[in-house]
Amino acid sequence: MAETKYIFVTGGVASSLGKGIISSSIGKLLQARGYSVTIQKFDPYINIDPGTLNPYEHGECYVTVDGHEADLDLGHYERFLGIQTTKANNITTGRIYKSVIDKERRGDYLGKTIQIIPHITDEIKRNVKLLGNKYKYDFVITEIGGTVGDIESLPYLESIRQLKWELGTNALCVHLTYVPYLAAAGELKTKPTQHSVKELQSVGIQPDILVLRTEHDLSQGLRKKVALFCNVDESAVIQSKDMPTIYEVPLRMQEQHLDATILRKMGLPVGETPALGPWRDFLDRRHRATETVRIGLVGKYDLQDAYKSILEALSQAATYNDRKADIHFINSEKLTDQNVEEQLSSMDGVIICPGFGQRGIEGKFVALKYCRTHNVPTFGICLGMQCMAIEFARNVLGYADANSREMDEKTPHNVIDIMEEQKSVTHMGGTMRLGAYECVLTPGSKVMEAYQTEHIKERHRHRYEFNNDFKAEFEKAGMNCVGLNPESDLVEIIEIPTLKWFIGTQFHPEYSSTVLKPHPLFLSFIRAAIGQ
Ligand code: GLN
C-alpha cells in the first residue's frame, strides 16, 4: 500500500468499555487480510509512563521488548496480533509535554510562545505518525485513552481533527460508546451515545463508525435511529455485546463487517472475508473444554487487572491443554501456616506472583513451603522466583534470616541482592532492569524441555537478583540454576528437578504469551498441573 492509513479509536459515555479490545479486534481483522498493522495507545495522564503507577490505579504494568513500561492495553495488542510493540506504541501527555519542554529549553522554537495549539498538538501528531513513517505500516491504529469530554483529552481530539482534515480518507475515527438497558422501562437507551457523538462533533470530529457496547442485542430500528442522529451510515453502527471471552470479539466484529466498512470508507478494495481458521480453532477448543484446571494465584492484589498478562497466559495455556482455567486469587497477606492447607490443598497448581515491597511477602513463603513439601506444581514469577530462593534458603539451607535486600538491608544471608548497576539509582521511573534479555538454558532441565531450545529471550522488570555467592550451596541442596544470562551470569531461572514442577523465573514470561502462540512455560506448567 502506498500510504499509511490511520484509524483513531475514541471512547465516550463511560470508561472501561473495551477500547483496547475493539482496537485489537480491528487490528486482527485487517492483519488477517494481509495488511501490516500496528496499534498504539495515547494516554492523557501526566505520568511519563505507568511504571511508577500503583496497580490499583492502572492495573498491570506491561513491559515491551525494548524495555518500556507500558499500559496494559499493549498486552492485548500483542496477544491478539502476535506483534511486538515498543516504546513508540505508548505515548502519554507527560511524554508529549516533556519533549516539547526539552525542545523549548534547547531553544528549538526560536523565541516563540509555546502553546497547546500548535506545539503540543504538533508533537502529538508527530508521534501519531512516527511508526507509520518509520516502518511503512499499512495501518496504524491509535487508541486514545480516557473518555471524550475529559479536559485532558482535548489536545488529542484537536490533533485527530487536524489529522482527519490533512489526511482525508487516509484517516478514520471509530467511536466506542455505551447503550444502557433500563430494566424498569425494559428499554435500551441511545441518548448517552447521541450526547457523546455531539461532544465529538463540538470539537470538530465526525466519527465514521460507531461501536455500541451493550448487554442486549440492538434492533435494526435502534441502529437506524443512532445512524440518523449521529450522521453515520447504518452499516457503520456496530454492536459490541458482552462476550464470555474477549477473544470472541474479532469474530463478532467481522460478522457485522466492521473491517469491510473500514476498507470501503478508506477507499480500499474489500475482497474476500478471511476465514480466521487458527483463531476459530482456538475458540472452539476453548468452548469444548469442560474439565477445569484449578490454579491458585498467590499475590497481594486481589484485583484482576493487576495480573492481567498472567491470567491471559494461564487461560491460553489451559485452552491448549483442553482445560478451562479456574483461577483463584489467594491474598498472600492473609495466608498463614494455619490456613494454608485449606487454601491450597485443592489447587492443581500455584503461581507466586510478581510484586514489590514487604507487604504480603511472608504469606508467599508460607505458600511456597506448602507447595514444595507437598509437591504441588509451582511457578514463581519475578518476586515469586526470588521468594522461592528465600524460602529454600530459610527452610532447606537453614538460614532463618535469609531475605532479599529489598526487604532486609542487613541480613548476612542476602540470597537476593541488589544488582550492581541499581545501587546508584536515585530516580524510580524507568530505571529498573527492563526489557528483553538473552538467557541460556541448561540441557536436561525441565525448562529446556519446555522451550525445546537452549537460547531464549525474555522480558524483565526488577532491581534485585539472585546472589551468585550462594549458587553452589543451592545446587548442592537441590535447587538448580538452570537459566543464565550469557553476558552477566545473572541467574534467570531456578528449579527443583526432583519435584513435579517447581520453577521460578526472574523474567516475566506472561508478557509474550499470545493467542496463537501460547508460552511454552505456561503450557508445561498447566500440563504438570493436570498431571501429564
Ligand atoms: N521487587 C523485585 C525486584 O525489584 C521483583 C520485581 C517484580 O516482581 N517485577 O527485583
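Both ligands and their constituent atoms are indexed starting at 1 by order of listing.
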Can you list the atoms of ligand 1 that are under 4.0 Å from a heavy atom of [X]?
X      : answer
Pro354 : 8 (O)
His508 : 9 (N)
Leu383 : 5 (C), 7 (C), 8 (O)

Using side-chain heavy atoms (C-beta onward) and a distance below 4.5 Å, is Leu484 in contact with Val440? no

Phe379 side chain near Val350 side chain, heavy-atom distance below 4.5 Å: no

Taking the inter-plane angle between the rings of His413 and Tyr399 on a 0 to 90° scale, is it parallel (under 30°), tilted (30 to 60°) or perpendicular (over 60°)? parallel

Ring centers of His462, Phe356 separated by less than 6.0 Å: no

Check: Tyr62 ring centre within less than 6.0 Å of Tyr511 ring centre: yes

Could you tell me the residue and atom name of the protein heavy atom closest to [atom], and the distance to it rounded to 0.1 Å?
atom                    : result
atom 4 (O) of ligand 1  : Arg463 N, 2.9 Å
atom 10 (O) of ligand 1 : Tyr464 N, 2.9 Å
atom 5 (C) of ligand 1  : Gly355 O, 3.4 Å
atom 9 (N) of ligand 1  : Arg461 O, 2.9 Å
atom 7 (C) of ligand 1  : Cys382 SG, 3.0 Å

Can you see whether Asp43 engages Thr93 through a side-chain donor-acceptor pair at a distance of less than 3.5 angstrom? no

Distance-only side-chain donor-acceptor flag, Thr411 / Asn414, under 3.5 Å: no

Could you tell me whether Gln386 approaches ligand 1 through its side chain, its backbone, both or neither, with non-hydrogen atoms closer than 4.0 Å? side chain

Measure from atom 2 (C) of ligand 1 to every heavy atom in His462, Glu406, Glu465 and give the option owning the shortest one. Glu406

